[in-house]
Amino acid sequence: FGTSLGAYLLMIVFILLWSLLLIIPGIIAAISYSMTFFIIADNNSIGAMEAIEKSKKMMDGFKWKYFCLGLRFIGWALLCLLTFGIGFLWLFPYIEVSTAKFYENVKVQYMANGNN
């Protein structure tokens with residue numbers, strides 16, 4: 001729990017600092033750090049800063065794909081609003097599973113390139 005909390009706080013600080021430049025660098029930073037919690041879940045002995053750095057390296061070349069993945073859910077979210085939010089009970093798990101599958105695909109390609 002401590003590693004995840006530390007990673008979360010560091011991510012907030014880093015994203016906030018990048019967002020001070022403009023909104024776009026903050027979005028790019030958030031996408032770069034998006035795999036941090038999956039990395040921590042895979043490796044309990046990793047530190048918070050190490051997980052953030054590994055997430056940044058892992059997302060090199062995949063930021064646009066992840067951004068497009070997020071855009072795919074906008075239409076679904078609008079439809080969920082029509083159901084007065086009840087549809088989010090199905091949408092949020094769908095988003096999380098899609099993100100987890102994206103992480104698995106990125107991890108396989110990251111490992112195939114000889115990285116650890």
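If you're wondering where the values come from, they're calculated on a predicted model, not measured in any experiment.
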Under 4.5 Å between side-chain heavy atoms, counting indirect links through other Ile/Leu/Val/Met/Phe/Trp/Tyr residues: same cluster for [X] and [Y] or not?
{"X": "Ile74", "Y": "Ile31", "value": "yes"}
{"X": "Leu21", "Y": "Ile12", "value": "yes"}
{"X": "Leu16", "Y": "Ile24", "value": "no"}
{"X": "Leu82", "Y": "Tyr94", "value": "yes"}
{"X": "Leu89", "Y": "Leu78", "value": "no"}

Within the structure provided, determine whether [X] and [Y] are in side-chain contact (heavy-atom separation under 4.5 Å).
{"X": "Phe38", "Y": "Lys107", "answer": "no"}
{"X": "Val106", "Y": "Lys65", "answer": "no"}
{"X": "Val13", "Y": "Leu17", "answer": "yes"}

Once rounded to the nearest 0.5 Å, what's the spacing between atom [atom1] of [X] and atom [atom2] of [Y]?
{"X": "Tyr110", "Y": "Tyr103", "atom1": "OH", "atom2": "OH", "value": "10.0 Å"}
{"X": "Met111", "Y": "Met58", "atom1": "CE", "atom2": "CE", "value": "6.0 Å"}
{"X": "Leu71", "Y": "Trp64", "atom1": "CG", "atom2": "CH2", "value": "7.0 Å"}
{"X": "Ile15", "Y": "Ile28", "atom1": "CD1", "atom2": "CD1", "value": "12.0 Å"}
{"X": "Ile46", "Y": "Ile52", "atom1": "CD1", "atom2": "CD1", "value": "10.0 Å"}
{"X": "Tyr33", "Y": "Leu10", "atom1": "OH", "atom2": "CG", "value": "9.5 Å"}

Exercise: identify the closest heavy-atom pair between [X] and [Y]:
{"X": "Ile39", "Y": "Ala51", "answer": "CD1-O, 3.7 Å"}
{"X": "Ser55", "Y": "Ser32", "answer": "OG-O, 2.6 Å"}
{"X": "Thr36", "Y": "Ala7", "answer": "CG2-CB, 3.9 Å"}
{"X": "Trp18", "Y": "Ala29", "answer": "CD1-CB, 3.6 Å"}

Check: Hey, is CZ on Phe37 packed in by over 12 heavy atoms from elsewhere, all under 6.0 Å?
Finding: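 Yes - once you tally the heavy atoms of other residues, nucleotides and ligands closer than 6.0 Å, there are more than 12.
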
Check: What class does the angle between the rings of Phe102 and Phe62 fall in, given that below 30° is parallel, 30 to 60° is tilted and above 60° is perpendicular?
Finding: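 Plane angle over 60°, so perpendicular.
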
Check: Does Lys101 come within less than 4.0 Å of Glu104, counting only side-chain N to carboxylate O?
Finding: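 Glu104 and Lys101: not salt-bridged.
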
Margin query: With a 3.5 Å distance limit and no angle check, can you tell me whether Thr3 reaches the backbone of Ala48 through a side-chain donor-acceptor pair?
Written below: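 Here the side-chain-to-backbone pair does not exist.
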
Next item on the list: Could you point out which residue of Trp90, Phe73, Phe92, Phe88 forms a side-chain contact (heavy atoms from CB on, under 4.5 Å) with Cys80?
Entry: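 Option passing the side-chain contact (heavy atoms from CB on, under 4.5 Å) with Cys80: Phe88.
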
